[in-house]
Amino acid sequence: MANIAEARIKREFKEVVKSEEVAKCHIKVELVNDTFTELRGEIAGPPDTPYEGGNFILEIKIPDTYPFNPPKVKFVTKIWHPNISSVTGAICLDILKDQWAAAMTLRTVLLSLQALLAAAEPDDPQDAVVAKQYKENPKIFQDTAKHWTHIFAGDSKVAMITHMLELKQIKKIAISHHS
Amino acid sequence: MASEGANAAKQYDTLDGNFWPEVMASGGERRTITSPSDYTWSRDLEDSFLFVNEKDEKYDCPICLFIQREPTQTQCGHRFCRDCIVKWLRSSEKKCPICVEPLDENQLFTDNFAKREILDLVIRCVYHKEGCDQNINLRHFQSHLSVCDYAYIQCPNSCANILLRRDLQEHKNNKCPKRIILCKKCGETIIAEEQENHFDKGCPKVEIFCPFCKAKVLREELERHKKYECSNVVIQCEFRFLGCQAEMTRMKMPQHQSQAMVYHISLIGRGLFELYRKVSFIHSSSSHGQPRQVWNPSSLGYQPGELSGISHSEVTHSLDECRDKGNIISSLPSTLQSVHQLQALFESMQLQMSSELSLPSTSQQKNEVPDQATPKTDVTVVQSQGNEQHGQGQQDVPSLFKRTLSDAQHPSTRTQEGPELSFMSKPSTHKDNEGADGLSFCDPQYISFKAQNDYQDESLARHDQQIMFLRDRNEYLERTNKDMKTKIKQLENTVNEFEGRFGNGEFIWRIKNYTKLRDEAIIGDNTAIHSPPFFSSCYGYKLCIRVNLNGVDSAKGTHLSIFIHFMQGENDDCLDWPFSGRIILSVLDQNPICEMRRNVSETLASKPNLAAFQRPTSQRNHKGFGYMEFLPLSVVSAPTSTYVKNDTLLIKAKVISSKME
């Protein structure tokens, strides 16, 4: 990996970790390996959407040419959304493609994805089946999306993955209740 | 960018060389933009920057997120590092990375105002944790690094130590293992860390143990010690030139000297006689026509029969020849000088001997000997008588003297007193001479013991030397043997490499000791074995075969697994990656009947996206490609199987690179 990419990711990583969105548990980035070529992102489902309460895990791969080329991002958590493949998790978002700008960062990417969850673009779909349902049968779409969120990005599961400390706390409480 | 501070520890992993984006210079020539002169610090250091006043984010480049280098503003009012924005514009659709306004390279201008502001930013020295309390502006940061007392630098002696600059002098003077010091003992200049070695191997002033006597001596003194002092060194008897072959340790030499005194005297005597013979020979050959004049040994009271190797008749003959002479000495002054020397030596030996053996009379009598030199005829007769009577030629010198002298003193009674003389010469009459052990010094038995003893000492010394010689020889052979082994190993490796290289992509791997290796695989000691490397062609890809004799993962215990692993080769730089082509793997049937051979072959085609076919980043690519279930183990180890013969399994690989086709 070109050094500029690694150096920049290191800086961004610090920036995201310090950001207020992380403080509010809206977004999160974790390292997967030591070389900063691969990261694991996490975004919370935006309120007043079928994704509310879910936590969605993302796979982020940093190309050697970063930041002159966008990072490769896809959903690991299954999600029901017109611009995201329900099978592969691939994302259709302009800034991850031709509208990428070198001044964008991991933080802005994650926030943009959060915004995408809140405002789908059914006219530029990634998953045609979902987009069709979204347009023709919004009610069923809402229910399906909610159901998927519940099944695949459910609170407790996410809590387990993301908030191990909290979980320990819960365990302690549970144990003390038992005794 | 070899900056001045390049030796600072924090900069070791600097990104300098690669960090700056590569752009095409205006002339089309490819060049790496190096950092401008004002920004010579490594960007890695920026992580350690602590600004005295909070730094405004406006000085950061939105592209690289570091402090802007050669700040460059766009027409739309955004500021970047020059290299960053240029690279962005050349690799994208010419839009501002921030406001996405269309932007062209010629709409950029250098923002020197911002540059000045940036270079005036004040930071604490990056080595403030190490103790530097200076605040510096960025303009002078780099020059400060090259003088900062708290900067990490490498020892100039390349001792691999990294230390603070202020500790360098102390380190160089006292601690650096590579510093030059004077040897405390010999004063030679040596490298500090080699001092021990110097003491052990080279220093002439170090006390070492003599390998023979274990005494402590200076190394430089050792040779001298061995030559003149060491009591355990084997030396030669100083009478060697006269024929004493004894060799023994210096410690035993005095004992030998005293024990073999008689022997030595006899040697001297023999030497003396030889000398006489030579003298007479020279004399006779130098005085043609004149009557031959011969030195008579008996003029010194010497008994010719004593001198082994000279026949009695010969001596008598030479005596006969020198009946009338008186002018002998004057004719051979120089030769005589050496004769006198020998004589002196002989006398001194006799003196020593007589004092040791309490024979005071001998020396007195000896002194009279030259006076007795004239009555030659009589002496000869008496001497022959003595010889006849004893007939053993082993008589000791003092007794002979006595006999000769008594003859000389009583010439008239000589013939009658013959028996008495012989009586006198009998050892039993010399009670004075008896040694503590009851054996007289003159006793032939005693002498024979002595001779025996001398001989044994001699052979012991010889054996000692032989042992030492053999030990040396053995060491030499062991060393040679070791060298040979290393060489054989090297040659084997070379042969293996040649085999692998010139097989033109074909390689047959003989797995010997199959049963043992299989057992190891079953126990789990050694589940995978790798073949020696081979090449797809002479200068082609370097590969090896991996075999799991007891299978791997899901095939464990059921199948033989075979994989191909690519290895780092010296040709990798000019080969195409990922590898593309086919690899045929076979297990060869070794059935003696050709028609019945059933080789098991599988062809695998490369898959460019698999890690196994990428250029290996380690000596051997960890990822291989092949078949987990190549051949059921039941087939391989069936009683009728001919896949394993002589405990050897043959695996063949044929690599066909598509480039070659």
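Letters go in sequence order (proteins before strands), and every chain restarts at 1.
With a 6.0 Å radius and a threshold of 12 heavy atoms from other residues, nucleotides or ligands, B/Lys55 has its NZ atom above the threshold. Counted within 6.0 Å of CZ on B/Phe113, heavy atoms from surrounding residues, nucleotides or ligands total 12 or fewer; the atom is thus considered open. Within a 6.0 Å sphere centred on NZ of B/Lys129, heavy atoms belonging to other residues, nucleotides or ligands number 12 at most. Within a 6.0 Å sphere centred on CG of B/Asn53, other residues, nucleotides and ligands contribute 12 heavy atoms or fewer.
Contact detail for A/Trp100 and B/Trp88: the closest heavy-atom pair is O-CH2, 3.2 Å. When all heavy atoms of B/Cys84 and A/Phe68 are compared, the closest pair comes out as O-CE2, 3.4 Å. Taking both residues in full, the closest heavy atoms of B/Pro97 and A/Ala102 are given as CB-N, 3.7 Å, listed atom of the first, atom of the second, then distance.
Within the 4.5 angstrom heavy-atom criterion, atoms from both the backbone and the side chain of A/Glu12 approach chain B. Neither the backbone nor the side chain of A/Lys10 comes within less than 4.5 Å of any heavy atom of chain B.
A/Met104 contributes atom CE, which lies 10.5 Å from atom CD1 of B/Ile98 (distance to the nearest 0.5 angstrom).
Every residue meeting the ring-ring contact (aromatic ring centres under 6.0 Å, His included) condition with B/Phe579, not counting sequence neighbours, appears here in chain and number order: B/Tyr541, B/Phe566. Here B/His78 pairs with nothing under the ring-ring contact (aromatic ring centres under 6.0 Å, His included) rule; sequence neighbours left out.
Side-chain atoms of A/Arg8 never come within 3.5 Å of backbone atoms of B/Leu65 as a donor-acceptor pair (strictly under, hydrogens ignored).
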